[in-house]
A.B. asks: 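Before we start, here is the structure in question, set down as structure tokens.
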Amino acid sequence: MNTQADTTSTGKVAFRMEGRIAVLEIDNPPVNAGSHAVREGLVAGIEKATEAGAEGAILLGAGRSFIAGSDLREFNKALAWPELPDVIKVIEAAPFPVVAALHGVALGGGLELALGCDYRVAAPGTMVGLPEVSLGMIPGAGGTQRLPRLIGRSKAMDLICRAARIPAREALPLGLVDALSEGDLLEDARAFLAAEPRPKRLSRDMTPPEESDEALEAAAVSALKRGKGRPNVVEAIRLVRASVEDAGAVLLDERETFQQLRRSPEAHALRALFFAERRAGSVAGVDPKTARAVKRVGVIGGGTMGQGIARAFLAAGLPVVLMERDAAALERALAALRASFEAQVAKGRLGADAAQARSAALGGTVEAGALAGCDLVIEAVFEEMEVKKDVLARLEAVLPPDAIIATNTSYLDIDEMAAGLDHPERVLGLHFFSPADIMPLLEVVRARKTAPEVLASGLKLARKLGKQPVVARVAEGFIGNRIYAAYRRRAELLVLDGAAPEQVDAAVTGFGFAMGPFAVADMSGLDIAWAMRKRQAATRDAKARYVTIPDRLCEAGRLGRKTGVGWYDHESGKAQPDPAVAAVIAEEREKAGVTPRDFSAEEIQHQLMAAIVNEAALLLEEGVAERASDVDVALANGYGFPRWRGGPLHWAAQREPDALQADLDALARAVGHGHRAGPVARVLGELETGNEG
Ligand code: NAI
């Protein structure tokens, strides 16, 4: 090939002529984020190509990807010229066709740039998508206009409002991509340009493919529902609908809408959470490169959690050996797992081949010896110290010394659990949430003796499973359950002091949580917490306020959904407030000498948030969590905290300090004797806003 000597770099974009074709190679490691320097480089590159009399240009990403998305760190400030729409205008105005050559990922602004080119050639596995909606925004550089013009309005609405990512091989039949490249991407892009005359072809000038009004209406309804009716989703739908109109005007409208949304508190919160999630898996002094390879895992205990954990590993392509107490229990667990794969196939969520592969990768045993070939074994047996210690000792006898031993314990002391072992440094907690194959959060618990490379291995494994890791130290309830306990306690005190359970739940869902605390209690069963309260009864501080209502409900056999009644009556299939519960509450208030008073929804919300924030401050002070933003990550990924509020600490940091302090004071009065006030102001001061990357 005749590569000319004119190879110059313009900032983050390397420019060279290969014959009559200009090649612009974007090089902004690690993920080729579309930053200001990249945009400048692209404009300069197209200008150079024009001066050089190029007959075509190819945009290409160096390294792993085309462009993983726009650099979110710029989104809190005014954007400087050239903004992405300016770059696309320059590309559209170029006197030659421009081909985007895609590999790795082309997301957000990266895909919008590609849509602004005349043609797109992609490696088949390239993931493309417009995820802006998940960040509280909309595509703001023509995505809502150019995508529907290429693939149709319904399909575009669906992809944009789901923040979906699809591989290029699926994007090809939709018309989003023009050709796949199975070999050398640059060569194939050149060949694409050379194969036939490639005139300029601006997607902004196209008309979306015809479709019926009914199809469009149905797509809008389902997109709105999926997007939970958030304001940015409403805007995205409106703009995609308008993609049959004059592109010039709608593109300006889109940009204006994007600019407003990117500065909204919601987008700010979601960006903070995005950065918090990225940070959460890193720990000072723990080098990710030291992580051990985990290729085969053992799961001990095939109950609710063991099955879910096995499913999570199998879904990530890791073979699993499941161990149970006896042959009958083992057979039950294996049969349940196979049945769950079949059920997923029946629902169309899993291919028959994939289900078959998962069943084939699942083995069972009742002998610890069969786990000898595993790199990591996780126990999910009964929540009893002696049972767990016994299991760990048996494991140590059969595993090589560098195999990792993990426990899924919810509350037990992992230091004590590991104390009797020869190699306690290989033990860590991997605390999954139920259902373990669905819930994104994984608390990776660093016990006192856990070796850094074992922790690194746990963090790497979490990512492999597609989970969001958060690192916790050993402490009762770790991060999430400990905060949840404080929140639930505050909710019960609200009921004792005058609120109805359904009123508390309504305030909580009104705040944006998926469920309120009493609906959650009914779903998971009231008996577990009851058993714990009974264990703690002997050591409880008699002067502390204690809410007896749940004990009365349990004594009456009201254990939640599993008994048909709990805080609510579920007999009709729907949770109904129950007069019998109201009577119990009234009696217990009287016994406690409480004169019930009214609570507004806002007061309920603020009190529950104060309880969460205070407990978070306490556990940060104790070092249970690594950093304040980890608390936000845990609550958003494991407890249904509304993502668009950024997490409880992000939320609290936005409040007026005096109002927040008044809530914390009210919390202290309501909890009364034994209340511990956490260093909330200090913790909020340390909270990184997230937008600094
Ligand atoms: P489960 O009672 O459903 O299952 C425990 C299983 O372990 C049973 O199938 C039992 O036969 C088996 N088992 C007991 N001893 C064994 C032994 N020595 N060897 C092999 N198998 C043995 O309990 P679940 O709910 O699955 O909980 C397991 C662990 O996970 C507990 O430590 C629990 O605290 C923790 N956890 C539970 C969550 C939940 O939502 N259920 C959430 C997160 C953690």
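All values derive from a computational prediction rather than experimental measurement. All ligand and atom numbering here is 1-based and tracks the order in the structure. Positions are given from 1, in the same order as the sequence printed here.
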A.B. asks: So is Arg332 touching ligand 1 or not, going by heavy atoms under 4.0 Å?
C.D. replies: no
A.B. asks: Which is it for Phe433 and Tyr639 under the ring-ring contact (aromatic ring centres under 6.0 Å, His included) test, yes or no, and what are the steps along the way?
C.D. replies: CA-CA 9 Å; Phe433 289 75; Tyr639 295 84; 5.5 Å; yes
A.B. asks: Where is the nearest protein heavy atom to atom 29 (C) of ligand 1: which residue, which atom, and how far?
C.D. replies: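 Going by distance alone, atom 29 (C) of ligand 1 is nearest to Val381 O, 3.3 Å.
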A.B. asks: So, are Arg426 and Glu396 salt-bridged, with charged N and O less than 4.0 Å apart?
C.D. replies: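 So Arg426 pairs with Glu396 through a salt bridge.
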A.B. asks: Using heavy-atom distances only, which candidate in Ala328, Ser410, Ser434 approaches atom 34 (O) of ligand 1 most closely?
C.D. replies: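 Among Ala328, Ser410, Ser434, the closest heavy atom to atom 34 (O) of ligand 1 comes from Ser410.
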A.B. asks: Give the residue, atom name and distance (to 0.1 Å) of the protein heavy atom nearest atom 4 (O) of ligand 1.
C.D. replies: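 So the nearest neighbour among protein heavy atoms is Gly303 CA, 3.3 Å.
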A.B. asks: Would you name the heavy atoms of Tyr568 and Arg558 that are closest together and state the gap between them?
C.D. replies: O-NH2, 3.7 Å
A.B. asks: Among all protein heavy atoms, pick the one closest to atom 39 (C) of ligand 1 and tell me residue, atom and distance.
C.D. replies: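 Ranked first by proximity to atom 39 (C) of ligand 1 is Met305 SD, 3.7 Å.
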A.B. asks: Answer yes or no: is there a donor N or O on one side and an acceptor on the other, between the side chain of Asn614 and the main chain of Gly678, under 3.5 Å?
C.D. replies: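 The answer is yes, because a donor-acceptor pair under 3.5 Å joins these two groups.
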A.B. asks: To which protein heavy atom is atom 8 (C) of ligand 1 closest, and what is the distance rounded to 0.1 Å?
C.D. replies: Glu324 OE2, 3.4 Å
A.B. asks: Taking only heavy atoms of His431 into account, list the atoms of ligand 1 that are under 4.0 Å away from them.
C.D. replies: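 Near His431, meaning under 4.0 Å from one of its heavy atoms, ligand 1 has 43 (C), 44 (C).
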A.B. asks: How far is atom 17 (C) of ligand 1 from its nearest protein heavy atom, and which residue and atom is that?
C.D. replies: Arg325 CG, 3.6 Å
A.B. asks: Is it the side chain, the backbone, both or neither of Phe432 that has a heavy atom closer than 4.0 Å to ligand 1?
C.D. replies: backbone
A.B. asks: Is Glu383 in polar range of ligand 1, meaning some N or O pair under 3.5 Å apart?
C.D. replies: yes
A.B. asks: Counting from 1, what ligand 1 atoms have a heavy atom of Val391 closer than 4.0 Å?
C.D. replies: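 Listed by number with element, the hits are 18 (N).
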A.B. asks: Under a 4.0 Å heavy-atom limit, does Arg394 contact ligand 1 with its side chain, its backbone, both, or neither?
C.D. replies: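 Only the side chain of Arg394 comes within reach of ligand 1.
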A.B. asks: Hey, are Asp569 and Lys574 close enough for a salt bridge, meaning a charged N less than 4.0 Å from a carboxylate O?
C.D. replies: no
A.B. asks: Counting only N and O atoms by type, is there a donor-acceptor contact under 3.5 Å from the side chain of Arg645 to the main-chain atoms of Phe511?
C.D. replies: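 Answer holds: yes.
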A.B. asks: Using a strict threshold of under 4.0 Å (side-chain N to carboxylate O), is an ion pair present between Lys388 and Glu383?
C.D. replies: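 Between Lys388 and Glu383 there is a salt bridge, with a charged N closer than 4.0 Å to a carboxylate O.
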A.B. asks: Does ligand 1 have an atom under 4.0 Å from some heavy atom of Gln307?
C.D. replies: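 Contact absent.
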A.B. asks: Are the side chain of Glu588 and the backbone N or O of Val547 linked by a donor-acceptor pair below 3.5 Å?
C.D. replies: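 No; judged by distance alone, with no hydrogens or angles, the pair does not exist.
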